[in-house]
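Chain naming here is simple, since letters A, B, ... match the order of the sequence lines and numbering starts at 1 in each.
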Protein chains: 2
Amino acid sequence: MKEGPNIALAGSLIGDPARANMLLALMSGKALTASELAREAGITVQTASFHLAKLTDAEFIQPRKQGRHRYFNLAEDVAVILEQLIGLAASRGHTRTRTGPNDLALRKARICYDHLAGESGVQLFDFLKTQGLICGPDEDLQISNSGTDFFNSFEIDLDAMYRSKRPTCKACLDWSARRSHLAGWLGAALLQKFFQLGWARRLDNSRIIQFSPSGEQKFQALLDVPKRN
Amino acid sequence: MKEGPNIALAGSLIGDPARANMLLALMSGKALTASELAREAGITVQTASFHLAKLTDAEFIQPRKQGRHRYFNLAEDVAVILEQLIGLAASRGHTRTRTGPNDLALRKARICYDHLAGESGVQLFDFLKTQGLICGPDEDLQISNSGTDFFNSFEIDLDAMYRSKRPTCKACLDWSARRSHLAGWLGAALLQKFFQLGWARRLDNSRIIQFSPSGEQKFQALLDVPKRN
DNA sequence: AGGATGCTTCGATTAACATCGAACTATGAA
DNA sequence: TTCATAGTTCGATGTTAATCGAAGCATCCT
């Protein structure tokens, strides 16, 4: 018997179409109920229950009870791998239908677990780095002094961020842009801020993030700050 | 029918124990024959042939004929995902035997497809970055002027690197150290140099890279260069 | 040319897993 | 308390995929 990590277990969990559909649905970052996931996967709630038990045992998802509803969240490190697998499938042409307008919209701006991904997400990340607002290695980014000023002026609660146990800011490799976008607490907070400001909204039943015309303008204006060096 | 990337296909390819064993064997970076892969996976050559056909169709591996031997190489982007899956499995305790001395050795220094991973790999990467020998975003690192001098003095053929089509240097997230090590052409070239210098060697039938005592000293001396700022 | 080796293909077999109807439990509303 | 809804568990069924022996093809050695 071979020793070492059992990647076949992880692969087989992702490898069932029903489970894959549920995991992808959870990539939206929303908690979904067992019934909702059953519908997303096109199976009965009995079958969904069987699959959700497996995914829960493997710590791919976390359940949370609320009355008679069972909500499920995706584990963050699983989301990272799913993003990579989406990229691999796309690069190999392993798609289930032809690409369409939604495909372009997903490339432009989409939610990746809880943060902004796509070209807009990559643009944002590049901006934060080139402006020196965040610095350090991509897996352990820190906020600089000028970054603190910037985020405070943007009304991001940095104290809450520092109190949080999750990574403050880290890079997430974006399959569509082949560059990184910003994940972590800060990445999530920025996206929530764009929602709050009305710049962007998520589309129903999709990972697409849609900027309004004025929101897009404001977003680009934010990034179009004269360079400091 | 759901649309979008078919991650279930990729998951199911990795999800079979025999295929997973073969893929992990190919993580050593070596090309292996169908018979060798059958032995690695503990199956007959007929079964291996069936699986190798599937992996080839999906472009997870590339075949190469040499007389009556069929050699297979792992696709580089698949290697990146497998490294992530190894990390996920490790974090969940999904291992097939208890951790042992090999586990520590793998964490210390191992080959990841064709470059150095583990603590040593992370140390090397940190050194190159903090010394300013490479710079830029982790997915598109560039060699600085001082880096060019350094690598030339270390007898790395940079002209060959610039002629190569593969990424010159990029980061690869190391599951064991939770930080990145150096992948790409440069990462591979540096590891080959350590082999050539006799500082390190690969262990048979393992991904472990073993530094000799004097090699370890020289490697640490290389990294222990006074800081430039 | 004949034998050996590496590998592929085919067909039969077996095992594993996903599926859902029925029954049940837990929670919420009337 | 009763009914409705959400979700779980159980058992039976069907499907899918992995497996290997046998046969065959390609390549290499004597």
For nucleotides 6-17 of chain C, give me one character per nucleotide, 5' to 3': B if any protein heavy atom sits under 4.0 Å from the base, S if the only such contacts are to the sugar-phosphate, - if neither. SSBB--------

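Residues forming a side chain to side chain contact (heavy atoms under 4.5 Å, CB included) with A:Asp16 (at least two apart in sequence, or on another chain): A:Ala18, A:Arg19, A:His51. Partners of B:Lys218 by salt bridge (Lys or Arg N to Asp or Glu O under 4.0 Å), not counting sequence neighbours: none found. Partners of B:Glu83 according to the salt bridge (Lys or Arg N to Asp or Glu O under 4.0 Å) rule, which considers only residues two or more places apart in sequence or in another chain, are B:Arg110, B:Arg207.
Taking atom NZ on A:Lys65 and atom C1' on C:dG28, their separation rounds to 13 Å, with Å as the unit. In this structure, the CG atom of A:Leu55 is 12 Å from the P atom of D:dT8, given to the nearest Å.
Residue pairs that meet the salt bridge (charged side-chain N to carboxylate O under 4.0 Å, His left out) test with at least one member in residues 179-197 of chain A, sequence neighbours left out, are A:Asp126-A:Arg179, A:Glu155-A:Lys193, A:Arg179-B:Glu139. Screening residues 63-81 of chain A for side-chain hydrogen bond (donor to acceptor under 3.5 Å, both in side chains), with sequence neighbours left out, gives A:Arg64-A:Asn73, A:Glu76-A:Arg166, A:Asp77-B:Arg92.
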